[in-house]
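Please read the structure below before turning to the comments.
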Amino acid sequence: MLFVGSFVANVSVVVRRTLVQSLSPDEKRGRVSAVNSLFIGTSNELGGFESGLVAHLITPVFSVVSGGMGTILVVILVALLWPEIRKYGRLDAPH
C-alpha cells in the first residue's frame, strides 16, 4: 500500500505541475509555480500537524476518518463553487 500510495501521490504531482505550467500565462508562470510550491509544501506540514494533533487529542481512527471526510467535502465544495474546473477534461486534450 505504501508503494501504491506513493505512486498515486507522484501522479498527482505530475498532474498539478502540468496544469500549473499549461494554464498559467507565460509572464506569470514562474511566480505561479513558486506560490504553488509554497502552498503544497506548507499544506503537507500543516496537514501532518493537524492529523497528529487530532490523533493525540481524540483517537488515530477518528483522525483518519475525519481527514478522509474532510477531503471528500473539499472536493465536493470545489466542484460546486468552481464548475469550470470540471470542464477541463483530459490533460492530453487540446484546450
Side-chain angles (χ1 to χ4, degrees):
M1 290 309 297
L2 184 60
F3 173 78
V4 172
S6 298
F7 178 78
V8 172
N10 281 321
V11 169
S12 76
V13 168
V14 170
V15 169
R16 277 195 314 267
R17 289 190 178 176
T18 301
L19 289 173
V20 166
Q21 292 297 319
S22 63
L23 299 177
S24 299
D26 289 340
E27 66 276 1
K28 295 182 182 173
R29 190 168 292 140
R31 285 175 240 155
V32 171
S33 293
V35 170
N36 181 57
S37 295
L38 180 67
F39 275 97
I40 295 301
T42 304
S43 68
N44 290 341
E45 299 300 322
L46 289 175
F49 173 74
E50 180 271 336
S51 295
L53 185 63
V54 171
H56 176 75
L57 294 176
I58 303 174
T59 65
V61 172
F62 182 81
S63 177
V64 171
V65 172
S66 64
M69 291 172 57
T71 300
I72 292 169
L73 181 64
V74 167
V75 170
I76 291 170
L77 285 173
V78 167
L80 293 174
L81 294 175
W82 293 289
E84 61 271 8
I85 290 176
R86 291 180 289 165
K87 296 177 186 172
Y88 280 117
R90 294 176 51 112
L91 293 177
D92 62 351
H95 291 112

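It should be emphasised that the depicted structure is a prediction, and the values quoted were computed from it without experimental measurement.
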Quiz item: Taking only residues two or more places apart in sequence or in another chain, which ones pass side chain to side chain contact (heavy atoms under 4.5 Å, CB included) with T59?
Solution: V61, F62

Quiz item: Any sub-3.5 Å donor-acceptor pair from S24's side-chain atoms to V32's backbone N or O?
Solution: no

Quiz item: Are V54 and L57 connected in the hydrophobic side-chain network, where two residues link if heavy atoms are under 4.5 Å apart?
Solution: yes

Exercise. Quick one: list whatever passes side-chain hydrogen bond (donor to acceptor under 3.5 Å, both in side chains) with R29, sequence neighbours left out.
Key: D26

Quiz item: How long is the span from the CG atom in L2 to the CZ atom in F7, to the nearest 0.5 Å?
Solution: 14.0 Å

Quiz prompt | Same apolar cluster: L73 and L81, side chain cutoff 4.5 Å | solution = no

Practice problem: Only counting residues at least two apart or in another chain, list the ones meeting side-chain hydrogen bond (donor to acceptor under 3.5 Å, both in side chains) with S66. | Solution: none

Practice problem: With sequence neighbours excluded, tell me which residues meet side chain to side chain contact (heavy atoms under 4.5 Å, CB included) with S43. | Solution: none

Exercise. Identify, with sequence neighbours excluded, every residue that meets side-chain hydrogen bond (donor to acceptor under 3.5 Å, both in side chains) alongside E50.
Key: none

Practice problem: Quick one: pull up OG in S12 and CZ in R17 and give me the separation to the nearest 0.5 Å. | Solution: 10.0 Å

Quiz item: To the nearest 0.5 Å, what is the distance between CG (L53) and CD1 (I58)?
Solution: 8.5 Å

Practice problem: Decide whether V15 and V20 are clustered together by the hydrophobic rule: side chain heavy atoms of Ile, Leu, Val, Met, Phe, Trp, Tyr closer than 4.5 Å, transitively. | Solution: no

Exercise. Can you measure from CG (N36) to CZ (R16) and round to the nearest 0.5 angstrom?
Key: 7.0 Å

Practice problem: Using the test side chain to side chain contact (heavy atoms under 4.5 Å, CB included), find all partners of S37 that sit at least two apart in sequence or belong to another chain. | Solution: none

Exercise. First locate atom CG of L46, then atom CZ of F39, and finally report the distance between them rounded to the nearest 0.5 Å.
Key: 10.5 Å

Quiz item: CG of L23 to OG1 of T18: how many Å apart, nearest 0.5 Å?
Solution: 10.0 Å

Exercise. Could you give me the CA-CA distance, side-chain angles and deciding distance for V78 and V74, then say whether side chain to side chain contact (heavy atoms under 4.5 Å, CB included) is met?
Key: CA-CA 6 Å; V78 167; V74 167; 4.3 Å; yes

Quiz item: Nearest heavy-atom pair of S51 and S63: which atoms, and what distance?
Solution: O-OG, 2.9 Å

Quiz item: So with a 6.0 Å cut-off around CD of E27, is the heavy-atom count from everything else above 12?
Solution: yes

Quiz item: Is any side-chain heavy atom of V14 less than 4.5 Å from a side-chain heavy atom of N10?
Solution: no

